Structure formats: C-alpha cells, structure tokens
Amino acid sequence: MHQTGAWSLRKSVSTPIGTKSMKSQSVVRVEPQTSDMENEVQGNSNLNHSTKFQQSEKTPQKTPNFKRVSFSLKKNNSPSQTSTDNLSEGTDPQLSSNISTENNKFSFTVYCTSTQKNYKILIKHKDVSKLKVSKIKSNLFRVVNIPVEEQALYASRDVLPVKPLDDTMTGRMLDLNENTVLFLVHVSQMEFFEKQVTAKIEAQMEKPMSQRESSRATSPTSIENEALLQRSPQMQFDVQPPQELEVHQNELIKESPTVSTSSNLPPNNNLSNASEKLPIDTSNISSTNVIQDSAFENAVKHLKNQFLEEKMQLARKFAIEKKEILQKANEDRQELMTENTRLRKELLQVANVSTTNPSSRNLVTSIQQEEILRLQTTLSENQQILIEKDKIISKLETEISTLKKTAETESQFWKNRLELEKQVSWNREKEMILKNWAEEIEILKLSQQQERIEAQNVIDQVETELQVANNKIECDRKFVESADLALETLKNQIAKLTRGDYDTATLMMEAAKEKALIEKKFNDLLISYTSLRDLMDEEVKKRKQLHNLVEDMKGNIRVIVRLRPLLEDEQPTDLMQGRLEIKDDNTITVATQNFGSKNHEFYKVLDENANQEDVFEHVKPLIQSALDGYNLCIFAYGQTGSGKTFTIHGDKTQHGLIQRAAEFLYNTLEKQTGARRETFSISCSMVELYLDNLYDLFDESISGIEPQHRFTHVISTQKKKPQLRQSKNGKMSVTNCTEIIAHTPKDLLDLIDAGNEAKQVYKTEMNDHSSRSHTIFTIKLIIEGSTQPNSLNPNGKHYRKESKIAFVDLAGSERVSKSNSTGERFKEAQHINKSLSSLGDVIAALSVHQKHVPYRNSKLTLMLQEMIGGNSKTLMFANISPDRKSISETISTLSFASRVKCVQNHPILSRQVVTAISNNEETSSTTTEL
Ligand SMILES: Nc1ncnc2c1ncn2[C@@H]1O[C@H](COP(=O)(O)OP(=O)(O)OP(=O)(O)O)[C@@H](O)[C@H]1O
C-alpha cells in the first residue's frame, strides 16, 4: 500500500485527435496539443490549452486511428490508489533515475508509431524544464538511420530516433530536448513498458530526495547515473508534491466529467473501456498501442492544419485589436485637436485683451503673461503629441493593411486547400465507384465464363457418349455383316443339302437349328441396332439443343431457315442444277455440280410442311422474354418471293408472326398482370423505307386511317416526316412516327392490316405481291406495378418496364436479269439490292468481330443497328425457295445466314424505372437502365 502523501499515476488514452467523443470517455484524458505544437505557436499567448482544446472539439475532423497515451500524476490523497503497487514491478533503475519532474507537475504523452521492426514511443514532458538528460543518451543508445519518408516527421518534432545499444532492453529512453523523451520499445513489451514507466515515475516522485540519493549509492547503474548527474547538475532536482498537482488532477477530472476517480481497475481495463467508447476502428489499435506510420503522419498533418487554423484566428484577433487601438488613437487625436482649438481661442482672447485695449495694456500682469506662456507650451506639446499620434496611426494603418493582406492570402490558401480536399475526396469516391463497377463486371464475366465452361463440358460429355455409341454401332454393324455372311454360307449349305449333296437328315436338322439360332441372333442385333440408332438420334438432338443454348448464352443471333412449298409453275431442285436437302431439324445440305455439297447448321430448319403455327412455336420463347423486359427483333431475309412477308405478316387466312405474337402477348399479359396486380399497355407504329426515304404507314395521309375514330387512343400523330435520330447514348431510332395504343388484339390486327395496305407492293415477274420496301412494325409494351411492402419500403415500390418487339420484313433481293424489272421497279430493285448489300457488309464485319462496322453506309443498316450487333435479342428467318431456278439465290441466302449466326448481340434488359412510394405521393428515387 502507499504511504500517505504518495503519488498515484493516472493513465489516460486519448481518442484520435479531433474526434467528437472526447468528453464521453471514461478514464480518458485528452491531450489537446503537443508541446512541439506549443512551441510552434509561441507568441500566441492569448491561446491557452483550454482554448485550443475547445477549438479542436468544435471542429472535429476525421483523422486516422492514432492513439495517444497520456500519463499524469497526482497526489495520492484519494482512497483509490491500489494499482500503483502492481505497477512497481519490474523496476529499472536506469529508467527511474532519468525521469524526473520540476514544479512538481508531471505529465507526458506517448506517441506510438511503427517502423519495420521496432516501435518508437515519444514521450513528452509537459511542464518539465531543465531536464537535461541528453548526456545519458550517449550511454544507452545509438542514433539510427531515419527512413527518408520519416525525416520530415522527426525534424518537425525535434526528436531523434535512436536504438538501444542493448536489444534486450524492454524500454529505453532515447532522446529528448527540454521537454521531450523518446523511448524505443518492442511492441510485445509495450504494455509492460507502460507499467514500468508509470511505476518508475511514481516511485521517483514518491521517494524523498534522501532516499533516492541512498538508492543511487547502492545501485551500480545509479552510480553511473550519479556521475552523469554530476556532470549535469541541472538534472538534480527534487520532486515535491505540492498543491498544484492536485489542481492539475482536478482539472483533468473536470475536463473529462466521466473520468472515474477510482484507479482500482488495472490500466488495461481502462484502456479497453476507453477504446470501446471511441468512435474509431479500435480493431486497428492493438493493445500494444501500435498504429501505422501513415496514421501517425496523418495525425501530424492534422495537428499542423489545426495550428494553421489557430494562426489564422490569431491574425484576425490581432487585426481586431489593432483596429481598436487605431480607433482609440483617432479618438485621442480628435480630443487633442479640440483641446488645441480651445487653447488657441483662449490665447487669442488673452492677446486681444492685451492688444485691443491699450489703456488696459498696463494692466496685463505678469500672471497673464505666464498664463499665455503656459498656454503656448501646452499648445506646442499637444502639437507634438498630435504628430506622434499621427505617426502611430500611420504605422498602425500600415500594420493593419499588412495583416489584411496576410489574412487574405491565408484565407485564399484555405479556400484552395478546401477545394483541393473536396476534389480529392470526390476523386476517391469516383475511384471507389469505378472500382465497384469493375468488380461487378468482373464477377459477371466470371459467372458467364463459368456457365459457358459448364455448357461446354456438357457438350463434350455428350459428344464423348455419342462417339462411344457410334463405335458400338459400328461394331454391331460389322457383327451383323459377318452374321449375314455366315447366314449366306449356311443358306448355301442348305441348298446343297436340299440338292442332295449331303444325304443325311441329321445334318439337315442341325443346319436348320443353327440357322434358327443365327436368325435369332441377327434379329436381336437388329433390335439392339435400332435402339442404339434411336439413342444416337436422341443424343444428337440433345447435343444440338445444348449447342443452341450455348449460342444463345453468347448472345448470337438465332437463325431459322424456312423452305416454302413449291408454287405453281415451279420445278423442284435436281442434281443437275443443284439439290436442296433438309437432313434434320437443324441441318440443310445444298449440293451443286460446281461447288459440291455443303452442310449448313442452324437453330432450326423448317421444311415446306411447317405451317404458320409451327413457325410461331419456335418464336414463342423469344416473345416471352419481351415480357421480362428485353427488346426483340425478328427479321426476315431472302430473295424476292421466298416467303418473308408470308412469315412475318401472313395472309388473310393464315396469320403470320405479328398477329400470333400479338394474341400471345394479350393472353399472357392478361393472365400475368391480373395475378401480379400489374397494368399493361400495348402500342404500335409502322414505318417503311422506300427508295431510301422513311414513311409513316400510320400517317392518315398515307394509310387513310383516322386513328381517333378507329382506335381508342393515339399517342402521337406526327405531322413531320419520320427521321432517323441518334440519341445521347448513341442509339439510333426512328422518330416522328405515329404511335397508336391498341387496347385489344382486334385493334392491333386492324392496325397491321391498315399498315400493310399502305405499304408499297407491286406485281413483279417473280412475285405477284412483291414488297418494294423494307417495313418495320414495332410493338411497344409497358408494364407497371408495385412491389410488396417491406421494412425498407413500407408502401412498396412502383416499377415500370418498357420493351419493344420489332418485326422487320425486308424487301427481297432480286436479279434484275431474272425479274426483268424496268422503270420504277428497276429503280426499286436497285435501291433494295444496294441496301441489302450494305447489310451484308455489316454482317460480314460483325461475324468476324471487326472493329469498324459500316452501319452508316445505308439507312437500312442504321435502322437495324440496335438489332444487329446491339442490345436486342434477335432472330432471323432465312426464307428460301425450293424452285430449281432459285438455287443460286438459295445458296447465297444460306451463306448470308451462316454469317449472321456468328454475330453476337449483347442483350440487356430495357428501361426499368423504380420509384419509391411515399404515404401520399410517389417520390422518384432511382432510374436504372439495366
Ligand atoms: N410457307 C408458305 N406456304 C404457302 N405459301 C407460301 C409460303 N411462303 C410463301 N408463300 C407464298 O409465296 C408467295 C411469295 O411470298 P411472299 O410474298 O411472302 O414473298 P416475299 O419473300 O415477301 O417476296 P418479296 O420480297 O418480293 O416481297 C406468296 O404468294 C405466298 O403466299
């Protein structure tokens, strides 16, 4: 236990400088300013500690995790001093002899920072002067190299990093100026070291001078120190516990109202309690008070900033004070001038009396003379003072203007600095956002890659299985062949026997048995062969499906080949001119004498028996994805008369894709939106590109439609001509075209008919109803609804999905030599062929992933930019004719289609607007384009 009047040590941990919770910590003492900072602001006597502390509290700034540990001593007259006995373990005489105090006040701060191996602790003595221990340093330490990046730090702190000569020492005082002691201690020893230091200081302060003198006499280290002390007599001073220390302690407690007066808790508990309450990431602060160098440097920067701010405030204060002095001087000046005027008047009066009245001249007494003299002297003195005052005023004015200039420069500096900081933080935010985006993209890429790998694995596996099955079939086939041979031999033998070559009935019987056996075996093999064949077909089908899936995932344009039936006066293909053969659902072979045979594989190959419904079944899944929010494009390509319009629009009795898709959309949406409490609307527009000009097919003047009468709602009737426009995000779209809402499937069908009637169709030699233009019929879907309420959005969220389906019926390519087109038809054919050739160039560029894609070569390719190589899901119908005369066009269409299937689109979900719903109204929160 302690003696009465002994000193107890209070250890305190400060928050990072400038954080808000300084006052709320228990057993926490905040050191507002380091002593070197105090040195820097020397002359600012107006600023005391408490002022600075308040300033730093008022303007808390974010600083890195930087922990300061302060120690202070107080007279042990409170009942809670038990921990000091524990702290006195592990005494180190060298240390204790070197630490001392003066004025009986002692407190110091420990700064922790880390270098590669060691940990330095800077201990600052406040109010300890004349502590000349630098000579001790040379006995204990050697100077270490300072890393370049730390040099400025040490220079600004006026300390020198050194290393203990003996590496095993747990904690050593390194270097110090009058107020500073630097210790070097290993991180693992930090806590113990703190205890040691505090115990030593306490012991030092507790011991009466005489006791210490005697301990010096017995300890060898003390002897050594004694010698040093003799050489440096200033080091010998007594530690008396005066009242001031109590005051100091009381101040500490006042500053930190939650500070516990009990020191029963071991220092560690205090530390951990404190750090729990700090608004900093305490995980970064180890129990050994280690922090990163950068954190330390940031803290130093922060202190410098704080200092500059204080300097500014001081300059302002000086300016105000000087202004006040100036005002006062001016007032004094004014007073003096008034006084002078008065005196002059008085003087004049006296003079007048003596001059104007000669009879009384003799009456001017010597007293009056004296009075005049006195007044004159005062006047001249006042004049002198006035001159002095003027000088002061002009000096003050110069000073004020200098101060103003300085203040302006500094305020400009601060403004610039704030701007810079803002810029830096904004840049950091941007960097973070970009980083997050990059990460998300990376993750998406990885998952897509993974999916592809998995699909490829499945394909590989199926291919291996297929190979095995093929091998087995081959073996079985060979076996059947050999069995056939054996059977043949047997048959011959039987024949011979029948002819009587062998007369024995037994032999015949045996041969018959053997024949039956072989026949049975043969039949078994046949069955197994058939089942294997089925299996193989099944596997091939699966493989193709998987292949399609992979292609879909890659975003490749799907291609469906449709062979139309033979029309009147047409001849089927033959081997002479060339032959078309659909091998299976996915393969079509074209063989010509000149070019040999070539297989083409597509997503689907439909023969002449496929009706309109069959065709739509293959398109349905794609239409479904429009309901999920994807933009779609379905276009038909092929020579004139090959069945493009029939596929897309159909005829009066056999509806094409548009009508079927419309019916499917209405049916599905009515069911789906009803269940989900969504609303939907369908609108459409139709434009044609004829002779390189765009026409709005819903325009009254063209179609004769009077939309407001025939249909319930017209969104926009544009008087201007439709135009191709590029939006801000670079996407091309057709503007200025009439868009009409179709409430029912019937509305939509009527619109399609009206649009079809308006388009340019003429009879040619190749087709009685040949489309002479490219047409685009667009259906726009809008689905709106709200999400279920949850804790984040108690009223749910309102969403709106928009998607478009574009049906493109391209004009057919034609050989003018075949079609014999003349006049207008010839001109049309030229335009059609030119635009289709541009489309071919675009496809060729995209299929080989060329960087430059020549979309700008024609209006058609610009119109299709979003659908071919863009962000839509796209399906192409390659329409072909079975007519013998069309074989070369068919070959050309199939080659074009083979290139198209290599084009990769990048389908993305179209616009989705999500809005948070507030109690009474909707407040827009986010608009995302997915
Ligand atoms: N799958 C089919 N079944 C029955 N008839 C068909 C089929 N495909 C096309 N036809 C008929 O063939 C003729 C030409 O078809 P369509 O007009 O659709 O060709 P096109 O490719 O659009 O020609 P163009 O490019 O000249 O406009 C039409 O009479 C059409 O009815």
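This structure is a prediction, so every number in the text was calculated from the model and none was measured. Hydrogens, waters and symmetry mates are skipped; everything else that's a heavy atom, side chains included, is used. Start at 1 and go down the list; that is how both ligands and their atoms are numbered. All residue numbers in this chain count up from 1 along the given sequence.
The pair Glu570-Arg564 meets the salt-bridge criterion, with a side-chain N (NZ, NE, NH1 or NH2) lying under 4.0 Å from an Asp/Glu carboxylate O.
The shortest N/O to N/O separation between Gly812 and ligand 1 falls below 3.5 Å. Distances between N or O atoms of Ala610 and those of ligand 1 include no value under 3.5 Å. Distances between N or O atoms of Gly641 and those of ligand 1 include at least one value under 3.5 Å. Annotation: Ala811 places no N or O atom under 3.5 Å from an N or O atom of ligand 1; distance criterion only. At a 3.5 angstrom cut-off on N or O pairs, Thr645 counts as close to ligand 1. For ligand 1, one of its N or O atoms has an N or O atom of Ser642 under 3.5 Å away.
Per-residue contacts place Arg562 under 4.0 angstrom from the following atoms of ligand 1 (heavy atoms of the residue considered): 1 (N).
For the residues His649, Lys644, His774, Arg564, the heavy atom positioned nearest atom 21 (O) of ligand 1 is part of Lys644.
Here Glu608 has no heavy atoms under 4.0 Å from ligand 1, in either its backbone or its side chain.
Screening residues 847-856 for side chain to side chain donor-acceptor pair (under 3.5 Å) gives Gln726-Arg856 as the qualifying pairs, with residues at least two apart or on separate chains. Among pairs with a residue in residues 609-625, those fulfilling salt bridge (charged side-chain N to carboxylate O under 4.0 Å, His left out) read Glu617-Lys620, at least two apart in sequence or across chains.
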